[in-house]
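Just so you know, residue 1 is the first one in the sequence shown, and it goes up from there. Below, all heavy atoms of this structure are taken into account, side chains as well, without hydrogens, waters or symmetry copies. Read the numbers this way: they start at 1 and go in the same order the structure lists the ligands and their atoms.
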Amino acid sequence: MPAHDFVSPDSIRAQFSAAMSLMYKQEVPLYGTLLELVSEINQQVMAEQPKVAEALRWTGEIERLDQERHGAIRVGTAEELATIARLFAVMGMAPVGYYDLSSAGVPVHSTAFRAVHEQSLHVSPFRVFTSLLRLELIDNLPLRELAQGILAKRKIFTARALELIAQSEHDGGLNKADADEFVREALHTFRWHQDATVTAEQYQQLHDQHRLIADVVAFKGPHINHLTPRTLDIDAIQVGMPAKGIPPKAVVEGPPTRRHPILLRQTSFKALQEQVAFSDHQGSHTARFGEIEQRGAALTPKGRQLYDKLLDATRAALGGAPAEANAERYRALLQESFAAFPDDLAQMREQGLAYFRYFATEKGMAQREQQDRPTTLEGLIAAGHVHFEALVYEDFLPVSAAGIFQSNLGDEGQAEYGSNANREAFEAALGLQVQDELALYAQSERRSLQACAQALNLGSM
Ligand code: OOG
Ligand code: NI
């Protein structure tokens, strides 16, 4: 089949993301309520803060905002992870970054599947935080073997989904009819299944080891456990949630409130209690929850180091994990520590703390043939020929992710797995190397500079 008959992976991803949102709305009605709240607040921010709206117009994020969301799944075996990677590849998603959650008492390690080029991200920024269960961290051998035996038997992909993945790999893409069918078939993998694969007693054993183990092992597939819309004001969301009957977690994860947001701020609300049919009798399980995020500037290694240092200092000053009882104090300490992180785009740029996107302005275009115009980046910015905006962070944060995991796993005794990062083992299971997110931001920044140089008729900048 000629290549021009193929649907682009970007539009398959956009279609899949929309289908997933529709499915999740039916499965978890509170998600629909949350979408309404997010949309109200986003409209309010755009109306009341024209500068925010203008920045989003420069970067084009204004066009992707309404369909921006991430999901999360947890898989049980290397084979499941490797096949998930192939499934996401059909939609133009690659694994980016490695996250070790073992040090936070969660026996998984993870990556984010997402598009990597800014043009693809513009079409659909859909991402999936994907975790692999680490049974090797569980020292209860009989239980480990029980879990392995159960996982070895399950099939999380439909036969037709596997066929279409292979076909796409072989032919280099899918035509419209096949892409539609692929989206329908792929969706099955992420659905909630009320029927468990284990007896009530086996579930209890798995659960007593760690609730997350039960969540991964006891069910037919890696149900999507949350779907997270992007807000422009997470503080307004946190305050507005209770009135909509949505109880938020005690603290917002990530950096404090700023005029120019950095990285990622997230809050979530408690999982639903769901009815489950075990193979012998009825019971319940908490699987799904809700989450909201606000995204800001992607930080350079230098900026990220500063972020990590200030977050560590805040936690050290708090003397424990943030929770209900110390939420107010945590917020004050966070704000205080982060006074050391400049809240000004020009300063962030001059100090090399964040990545940026550069745009040729109308003024710059009008003067592109003039002999005496500035030719250095700094000169062009000063003269108003080049405009810059922060490059948005497309990834996740390990400390925040641990906080999200924990707030939704209940407060039962925290497990200890030491610090067991093992990126090589993760990549071996994945069958691929994860991409370096910092390199991706740097490339994106460089492309914007090249585009500027070209638009302004300069050799380079
Ligand atoms: C994933 C938790 C992490 C995030 O946004 O950081 C996460 C999970 O609970 O499976 O979703
Ligand atoms: Ni999440």
Ion pair check, Arg57 and Glu61, cut-off under 4.0 Å | no
Begin from the C-alpha positions of Phe113 and Phe129 and carry the test ring pair (Phe, Tyr, Trp, His ring centres under 6.0 Å) through to its verdict.
-> CA-CA 7 Å; Phe113 284 95; Phe129 191 89; over 10 Å; no
[X] and [Y]: side-chain donor and acceptor closer than 3.5 Å?
X: Arg13; Y: Ser120; answer: no
X: Asp395; Y: Tyr441; answer: yes
X: Glu274; Y: His285; answer: no

With Arg69, which residues qualify under side chain to side chain donor-acceptor pair (under 3.5 Å), at least two apart?
-> Ser17
The residue among Glu293, Glu394, Arg127 that forms side chain to side chain donor-acceptor pair (under 3.5 Å) with His70 is Glu293
Please tabulate, line by line, the atom pairs linking an N/O of ligand 1 to a protein N/O at a distance below 3.5 Å, with the distance in Å to 0.1, or answer 'none'.
residue, atom, partner, partner atom, Å
ligand 1, 5 (O), His70, NE2, 3.0
ligand 1, 5 (O), Gln266, NE2, 2.7
ligand 1, 5 (O), Glu291, OE1, 3.4
ligand 1, 5 (O), Glu291, OE2, 3.0
ligand 1, 9 (O), Arg74, NH2, 2.7
ligand 1, 10 (O), Arg74, NE, 2.8
ligand 1, 10 (O), Arg74, NH2, 3.4
ligand 1, 10 (O), Asn225, ND2, 3.1
ligand 1, 11 (O), His226, NE2, 2.8

Under 2.8 Å from the Ni ion (ligand 2), protein N/O/S atom count?
-> 3
Please say whether the positively charged group of Arg114, taken as NZ for Lys or CZ for Arg, lies over the ring of Phe126, i.e. under 6.0 angstrom from the six-membered ring centre and within 45 degrees of the axis.
-> no
Could you tabulate the donor-acceptor pairs under 3.5 Å formed by side-chain atoms of residues 90-107, not counting sequence neighbours?
residue, atom, partner, partner atom, Å
Tyr98, OH, His109, ND1, 2.8
Tyr98, OH, Asn422, N, 2.8
Tyr99, OH, Phe396, N, 3.0
Tyr99, OH, Phe396, O, 3.4
Asp100, OD1, Ser102, N, 3.0
Asp100, OD1, Ser102, OG, 2.7
Asp100, OD2, Ser102, OG, 3.4
Ser102, OG, Asn420, N, 3.0

